[in-house]
Participant: 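One structure coming up, written as structure tokens, with questions to follow.
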Amino acid sequence: MKGPLNRMFSSTARQAATLTAIAMLTGGCSSVVSSTTGRLADSLADALVNQNDPETVRQGAPAYLVLLDGLIADDPDNPDVLLAGAQLYSSYAGAFVEDPERAKRLALKGRDYGWEGLCAVKRKTCGTWTEPYEVFESTIDSLGAKEVSALFTTAGAWATWIQVNKDDWSAIADKARVDAMIRRVVEIDPSYQRGAPFVYLGVLDTLLPEAMGGKPEQGRTHFERAIELSSGRNLMAKVLLAKQYARLTFDRELHDRLCEEVVEADPTEQGLTLANTLAQEEAARLLEESEDYFGE
Amino acid sequence: MRYRRTLMVVVILLLASALADAQGVRLKIATLAPDGSFWMEEARRAADEIGRRTDGRVGFRFYPGGTMGSDDTVLRKMRIGQLHGGVLLAGSLGDLDPDFEIYNFPLVFRSYDEVDHVRRELDQRLISKLDDDGIVAFGLVETGFVYLMSTQPTRTFADLDGRKAWIPEGDAISKAIADAAGLSPVPLALSDVLTGLQTGLIDTVAAPPVGAVALQWFTKAKYVTDLPLTYIYGTLLLSDRAFRKLGAEDQEVVREALEKMSSELNRRARTDNRDAREALVKQGVTFVEPTPETEERWEAVAAEARQALVKRQEYDRELIAEMERLLEEYRGRDHAPIPDS
């Protein structure tokens, strides 16, 4: 067989660099929060995703993380604090930490909090992470509306861990499990978090060109779904449509139009402000590189 | 009058080439590798080195992610000068020179040690085959061994009965293997294979470990038959016309940097496949040992498939004989296995 299989598959996770992490920065924990510590953890996550100054998050997040560790140590079976820990650790590691070793350390903690959180929400998921794929998949497929929030947060934290371990083939293989989780989220609730899961699915389908097994057109449909479900307010969906799809298909007109729209938009939006602000920075960078990428 | 016009043309040409020298040459290279991939990182590193060492006389413009089209399209664009080079699979160069794809033949190699032994001797001869086709190649780059993977274990030949096997659309070598093995092949585009496995349209595929991991085929096809079916590889090349436009010293710099890049990518493919194989095991994939009789059957099928291929195209029989001689020499030798590095 001569299919152009592995030209650079080690890159598949790499290309999502900061993408999945940013995609999961959207929305706080929307589970029904029962305890006081759970409410506090949830408020922290909310304050973070609604921040419009990324630098404040970059500098302030470490203190939040230490605080969360304390809350989790006090109440180790509380799914709300565990999932807030998963979200904050992985978002911070994926979007703000440049030192690869630190990013790995923090993302691992985020992933593990996610696993523990989902396990606390639904006991039968405990330990399935490393079971053979089909065992894991059938467990995930049995989850329902009550678990959807924990499922999405854990998937995002796991995706971030994969992204920062992009040279590790075991991590790349785990991507199949994250995909199964995201697909399940969309099955349970197609409009969950105003389409945020579709951003992830869009990235997934546009990691590789069609000749290498990617599905750029399907990816575009996913991004457009996320844009539609957020009434155009998920700016990261637009930037990733430009960065992933328009570049892959060499569509400069679409690329530049999307980036310009994002740069000019108002980033403030409940649950999306931080991600939108980062999206604007990314859009400006993409526009700067446009001539270099598309020009003769 | 006529003489003067000729002179004018010569002067203009000289001026133009001087101008080109002053501004430098920009080589346009196409690859399927997406932006941000290890391939592209290596390519940019090589381009930087070349730019530095030629004082900016030789620059590169890369078209990643297959934006310039399939391998065939890239070759056509190279012919009309729209592109100067590309990263292509050996199979795609078979139309230009069938000899370039002889390592692709089914079941030629049993181990990477054998690959290394043969490649040390023959790579340069394969590469020089392309000279006549106006192509300068800078070393071969391994993709890796391809293994049979299925939803059920394949230990004996009888196990293959009734299996629905995928083959890449328009791939003569896979077709020859499938025909010789008596399989009913289902041709599908690469991007439809996972869906095909999920819906049961197919239950048997072939892939190198890196492909099986990256494309998630292992989630359905969780039994790998531990017998390398074919060896796939590619090359980074430039059109001879573009290469010759560079000054002799610049040619040397370009050759050195691109060959270094190829050898780095080649080394990386080896370790990636080894790591991907370990990852498959960790995911619960089983590597099935074929029975000795089955291995013999496979050898017979491969010999039949090779014959069919040799009949179909004009191959350099001497080169094939040399490859076989090298393999016999290696197998006859009492050697300690070379550890993976």
Side-chain angles (χ1 to χ4, degrees), chain A residues 1-17 19 130-137 166-177 179-180 204-218 243-251 289 292-296, chain B residues 31-40 61 63 65-71 87 89-92 101 104 143-144 146 167-168 171 173-174 177 189-191 193-194 206-211 213-216 218-219 222 229-230 232 234 268-269 272-273 275-280 282-284:
Chain A
M1 137 182 156
K2 70 177 184 189
L5 273 175
N6 89 325
R7 290 258 161 86
M8 54 258 328
F9 281 130
S10 57
S11 74
T12 49
R14 170 193 328 239
Q15 261 229 318
L19 304 184
T130 52
E131 295 275 327
Y133 177 80
E134 67 273 16
V135 176
F136 174 79
E137 191 187 29
K166 62 208 175 219
D167 292 324
D168 174 353
W169 283 89
S170 288
I172 296 171
D174 275 354
K175 197 158 63 65
R177 296 174 188 244
D179 297 349
L204 178 77
D205 282 332
T206 50
L207 288 174
L208 295 170
E210 198 164 0
M212 287 176 75
K215 293 187 172 185
E217 291 310 318
Q218 191 174 302
K243 179 172 180 169
Q244 295 290 112
Y245 172 83
R247 286 193 168 202
L248 196 60
T249 55
F250 226 59
D251 186 343
E289 288 176 4
D292 207 33
Y293 188 88
F294 293 102
E296 267 310 297
Chain B
T31 172
L32 281 179
D35 209 14
S37 62
F38 182 69
W39 264 84
M40 282 304 298
R61 168 77 174 90
Y63 297 91
T67 48
M68 280 290 155
S70 66
D71 281 7
V87 179
L89 278 171
S92 312
E101 60 174 344
N104 260 166
T143 297
V146 171
I167 58 165
D171 180 7
I173 289 183
S174 302
I177 300 179
L190 201 57
S191 50
V193 172
L194 182 60
V210 284
V213 171
L215 297 175
Q216 303 185 3
F218 72 90
T219 55
K222 42 187 191 167
L229 285 184
T230 69
I232 48 178
R268 170 73 174 237
D272 276 353
N273 270 309
D275 295 349
R277 189 183 164 112
E278 280 168 21
L280 287 173
K282 265 173 76 179
Q283 291 286 333

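So you know, we letter chains A, B, ... as the sequences are listed, proteins then strands, and number each from 1.
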Participant: If the condition is ring pair (Phe, Tyr, Trp, His ring centres under 6.0 Å), which residues does B/F218 pass it with, not counting sequence neighbours?
Facilitator: none

Participant: For B/A279 and A/A173, which heavy atoms make the closest approach, and how far apart are they?
Facilitator: CB-CB, 4.4 Å

Participant: Calculate, to the nearest 0.5 Å, the distance between atoms CZ and OH belonging to A/F294 and B/Y63 respectively.
Facilitator: 12.0 Å

Participant: Could you look at B/S70 and say if it's the side chain, the backbone, both or neither that has a heavy atom under 4.5 Å from chain A?
Facilitator: neither

Participant: Carefully, step by step, assess B/D275 and A/D167 under the rule side-chain contact (heavy atoms from CB on, under 4.5 Å).
Facilitator: CA-CA 10 Å; B/D275 295 349; A/D167 292 324; over 6 Å; no

Participant: About how many Å separate CH2 of A/W169 and CZ of B/R277, when rounded to the nearest 0.5 Å?
Facilitator: 14.5 Å

Participant: Less than 4.5 Å apart, side chain to side chain, heavy atoms only: is that true for B/T219 and A/E137?
Facilitator: no

Participant: Kindly compute the distance separating OG1 (B/T67) from CG (A/D251), expressed to the nearest 0.5 Å.
Facilitator: 12.0 Å

Participant: So for B/Q283, is it side chain, backbone, both, or neither that comes closer than 4.5 Å to the heavy atoms of chain A?
Facilitator: both

Participant: To the nearest 0.5 Å, how far apart are OG in B/S37 and CE in A/M212?
Facilitator: 7.5 Å

Participant: What distance separates A/E210 CD from B/L32 CG, expressed to the nearest 0.5 Å?
Facilitator: 11.5 Å

Participant: Would you give the length of the straight line joining atom CD1 of A/I172 to atom CD of B/Q216, rounded to the nearest 0.5 angstrom?
Facilitator: 11.0 Å

Participant: With sequence neighbours left out, what residues match A/Y133 under ring pair (Phe, Tyr, Trp, His ring centres under 6.0 Å)?
Facilitator: none

Participant: Using a strict cut-off of less than 4.0 Å between a Lys/Arg side-chain nitrogen and an Asp/Glu carboxylate oxygen, indicate whether B/K282 and A/D174 qualify as a salt bridge.
Facilitator: no

Participant: Name the member of A/G214, A/P132, A/P216, A/A176 that forms the most heavy-atom pairs with chain B at distances under 4.5 Å.
Facilitator: A/A176

Participant: Report which part of A/R177 has an atom under 4.5 Å of a heavy atom belonging to chain B: side chain, backbone, both, or neither.
Facilitator: side chain

Participant: Most heavy-atom pairs under 4.5 angstrom with chain B, which of A/V135, A/D179, A/T130, A/D168?
Facilitator: A/D179

Participant: Which pair of non-hydrogen atoms, one from B/P34 and one from A/P209, has the smallest distance, and what is that distance?
Facilitator: CG-CD, 4.0 Å

